[in-house]
Amino acid sequence: MHCTRTDLNSYTFTPVLTACAALLDPKRGHQVHALMIKLGVDCEIVAKTALIDLYSKYGQLGDSVSAFYEMRYRDVVAWNAILSSYLRHGLPRKALELFADMRKERVEFSEFTLCSALKACASSRACQQGKQIHAVVIVMGRDLVVLSTALINFYSHLGQIDAAMKIYRTLSCRTDDVMFNTLISGCFRNKRYDAALSIMSLIRPNAVALTSALSACSENSDIWIGKQIHGVVIRQGFTHDTQLSNAVLDMYAKCGKIREASLVFDRIARKDVVSWTSMIDAYGVHGYGAEAIDLFKRMEGKENNDVLPNSVSFLAVLSACARSGLVEQGRKYFYMFQEKYGLVPAPEHYACFIDILGRAGQIEEAWSLFPGMVDKNIKPSPAVWAAVVNACRINLDVERGEFAAKCLIQLEPNNPGNYVALSNFFAAIGRWDSVDALRSIMKRRGIMKGEGGSWVTMHKFGDKIQHEHSGTASFGNLQEV
DNA sequence: TTAGGGTTAG
């Protein structure tokens, strides 16, 4: 058409943009956009909306947002597209701000809008706002399968599984696999195993349901259920599914079964970046720093078909070095990831590297990283300041420690963990008056440190009790001991 | 002609 006709307009290009977005080939999409500009057909509302979606799917949030703000007039579809764009980039708070702007501009919502808003509420844990949207759904009288699914997902993520089940029970619309998968994932997430398994029995086992079941078992360190799900994965012939196998691997790793995790890893035929990173991290968490590094070298080697490490792999390798005290290796990889793979360290990478250096007494080198952060326009996060405070505690660096402590509390005054780090620092330098002062501040602000705990799972086979698994819990995270 | 719900690694 481009070669033979001269009457191309916005409506010709929008489906082409949709195709480009589906192909995830930015070069092609950029060419098409350039042609649209050249022909002057990039300004219509549908064209701009398709561009919001295209750039969002390419991971170019800035360009997606630009397309939105370049519009003279915006309809509800354009607003919906930009909400999805922010959600796709993991910015639910920003999506909720835009949702508020929609209300200010008196744009009438559609079901699409409410779905996205509910998703934003679920991932940012905006309980009250989500319930208000539920009320809007009721008032609109829309009982649709997609909207009901979004509501079930919202309540499940908030831990209100009974509210989620009530929506399912009082449904008058049709059901489908996505809704059942949402229910299954919600029940597992909230440890309603019986309900989850009985819903699973209503549908044919599918990879998504099994993956979410396994990720909930990882989260809850529930090896007993996790093993049974793994059995279903094998019996139903899903072992070729990489994403599902990654979830099996991670379940064993999170439950402390590193050997089993490694066996699953070896059997994944088409390993992706998540497979490699999960296994590297599993070794690192269990203190097998050398094994983590060996595996990373294998990832770089010939057997790996061009799967490149990303920023999560970067962090997994660094944290493996930190846990095993591998200072030289940590330093090597901190720079190698930037030079060889062009990955820009985020604050969490800096926090990890500062931790490595601090434990090794290299406080000067840790401090010397700050100018580099300023150059790269990276703002130190609370985790960075916490790492500095810990480094100063180990190295008895009073002056810098006090400075970092001040920054940390200013930036994140409600995180109990920060007060623990500060308290340990002041105790180490003998400032018991400050330790006391911190306790009073915590009391006054109502900040409570989470309790630590430990647990053992026992199973009874006839008269015999078998010890199955044990671990410790602190701040909601479970770790094998 | 553009927008929506469920799944894996930090």
Side-chain angles (χ1 to χ4, degrees), chain A residues 9-18 21 44-54 56 67-68 71 74-85 87-88 109-119 122 144-154 156-157 176-186 188-189 203 206-216 218 238 241-251 253-254 261 265 268 271-282 284-285 309-320 346 348-349 351-352 383:
Chain A
N9 62 22
S10 294
Y11 298 95
T12 324
F13 280 98
T14 37
V16 179
L17 290 175
T18 308
E44 292 265 1
I45 196 162
V46 285
K48 281 268 190 266
T49 305
L51 286 167
I52 292 173
D53 194 51
L54 176 89
S56 167
F68 178 75
M71 297 172 102
R74 299 174 189 99
D75 65 2
V76 65
V77 181
W79 283 96
N80 293 344
I82 195 69
L83 289 182
S84 300
S85 187
L87 284 174
R88 188 173 287 119
F109 308 142
S110 69
E111 307 85 76
F112 286 76
T113 322
L114 299 176
C115 274
S116 294
L118 279 170
K119 198 178 175 183
L144 297 166
V145 60
V146 178
L147 211 37
S148 306
T149 304
L151 280 167
I152 290 170
N153 188 50
F154 165 72
S156 303
H157 273 266
D176 65 7
D177 272 5
V178 177
M179 179 182 277
F180 281 125
N181 287 344
T182 308
L183 274 166
I184 292 163
S185 146
F188 271 110
R189 196 189 298 276
I203 56 167
N206 66 73
V208 173
L210 294 170
T211 306
S212 64
L214 284 160
S215 98
S218 311
F238 282 115
D241 186 310
T242 298
Q243 199 171 349
L244 181 49
S245 298
N246 292 344
V248 176
L249 185 171
D250 188 55
M251 183 275 296
K254 293 270 163 57
F265 174 79
I268 301 175
K271 298 177 181 63
D272 63 10
V273 65
V274 178
S275 322
W276 289 98
T277 306
S278 304
M279 197 63 228
I280 292 170
D281 190 58
V285 166
N310 62 17
S311 65
V312 185
S313 327
F314 186 0
L315 194 60
V317 172
L318 284 182
S319 81
E348 54 267 32
H349 299 97
C352 206

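In what follows, chains are A, B, ... by sequence order, proteins preceding strands, each numbered from 1.
- In this structure, CG of A:Leu210 is placed 14 Å from P of B:dT7, rounded to the nearest angstrom.
- The residue A:Thr277 sits close to a base: some heavy atom pair falls under 4.0 Å.
- Checking the phosphate oxygens (OP1, OP2) of B:dA3, no side-chain nitrogen or oxygen of A:Lys119 falls inside 4.0 Å.
- We find that CG of A:Asp250 is positioned 10 Å from P of B:dT8, with the value rounded to whole Å.
- In this entry the distance linking CG of A:Leu51 with P of B:dT2 reads 12 Å, nearest Å.
- Residue A:Ser110 holds its OG atom at 10.0 Å from CG of A:Asp75, rounded to the nearest 0.5 Å.
- The A:Val178 side chain lies nearest to B:dG5 when the options are B:dG10, B:dG5, B:dA9.
- For the residue pair A:Ser156 / A:Asn153, no side-chain donor-acceptor distance below 3.5 Å is found, with atom types taken as modelled.
- Taking 3.5 Å as the limit, the base of B:dA9 and the side chain of A:Asp272 contain no donor-acceptor pair of atoms between them.
- Counting non-hydrogen atoms under 4.0 angstrom, A:Thr182 reaches the backbone sugars and phosphates but no base.
- A:Met279 comes within contact range of no nucleotide atom at all, as no heavy-atom separation falls under 4.0 Å.
- Side chains of A:Asp53 and A:Ser56: a donor-acceptor N/O pair is absent below 3.5 angstrom, by distance only.
- Minimum atom distance to the side chain of A:Ala247 is reached by B:dT8, of the listed B:dA9, B:dT8, B:dG5.
- Closest approach to the A:Val273 side chain among B:dA9, B:dG4, B:dA3 is made by B:dA9 (side chain taken as heavy atoms from C-beta onward).
- Atom P of nucleotide B:dG4 and atom CG of A:Leu114 are separated by 14 Å, given to the nearest angstrom.
- Between the CD1 atom of A:Ile152 and the P atom of B:dT7 there is a distance of 13 Å, rounded to whole Å.
- In the set B:dG10, B:dT8, B:dA3, B:dG10 carries the atom at the smallest distance from any side-chain atom of A:Asp281.
- Taking A:Phe188 as the reference, A:Tyr193 meet the ring pair (Phe, Tyr, Trp, His ring centres under 6.0 Å) condition, with sequence neighbours excluded.
- Taking atom CG of residue A:Asn80 and atom P of nucleotide B:dA3, one finds them 10 Å apart after rounding to whole Å.
- Nucleic acid contact class of A:Thr18 (heavy atoms, under 4.0 Å, all strands): sugar-phosphate only.
- Distance from the side chain of A:Val274 is smallest for B:dT8 among the nucleotides B:dG4, B:dT1, B:dT8.
- One interatomic measurement links the two molecules: CG of A:Asn206 to P of B:dT7, which rounds to 12 Å at whole-angstrom precision.
- Across all strands shown, A:Arg74 has no heavy atoms under 4.0 Å from either base or sugar-phosphate atoms.
- Taking only side-chain atoms of A:Phe112, from C-beta outward, the nucleotide of B:dG4, B:dA9, B:dT7 with the closest atom is B:dG4.
- A:Asp281 and A:Ser278 share no donor-acceptor pair across their side chains, judged by distance under 3.5 Å alone.
- In this model, the phosphate group of B:dT8 is approached by a side-chain N or O of A:Ser215 to a distance below 4.0 Å at OP1 or OP2.
- In this structure, A:Lys48 reaches neither bases nor backbone, as no heavy-atom distance under 4.0 Å exists between it and the strands shown.
- Comparing atom distances between the A:Val208 side chain and each of B:dT7, B:dT2, B:dG4 picks out B:dT7 as nearest.
- B:dT8 atom P lies 14 Å from atom CE of A:Met251, rounded to whole Å.
- Rounded to the nearest 0.5 angstrom, A:Ser275 OG and A:Ile280 CD1 are separated by 10.5 Å.
- Nearest to the side chain of A:Ser116, among B:dG10, B:dT7, B:dG4, sits B:dG4.
- Considering only side-chain N and O atoms, A:Arg88 lies nowhere under 4.0 angstrom from the phosphate OP1 or OP2 of B:dA3.
- Nucleic acid contact class of A:Thr149 (heavy atoms, under 4.0 Å, all strands): base.
- Checked against B:dT8, B:dT2, B:dG5, the side chain of A:Asn246 finds its nearest nucleotide in B:dT8.
- Every ring pair (Phe, Tyr, Trp, His ring centres under 6.0 Å) that A:Phe109 has, sequence neighbours left out, goes to A:Phe99.
- Using a 4.0 Å heavy-atom cutoff across all strands shown, A:Val145 reaches at least one base atom of the nucleic acid.
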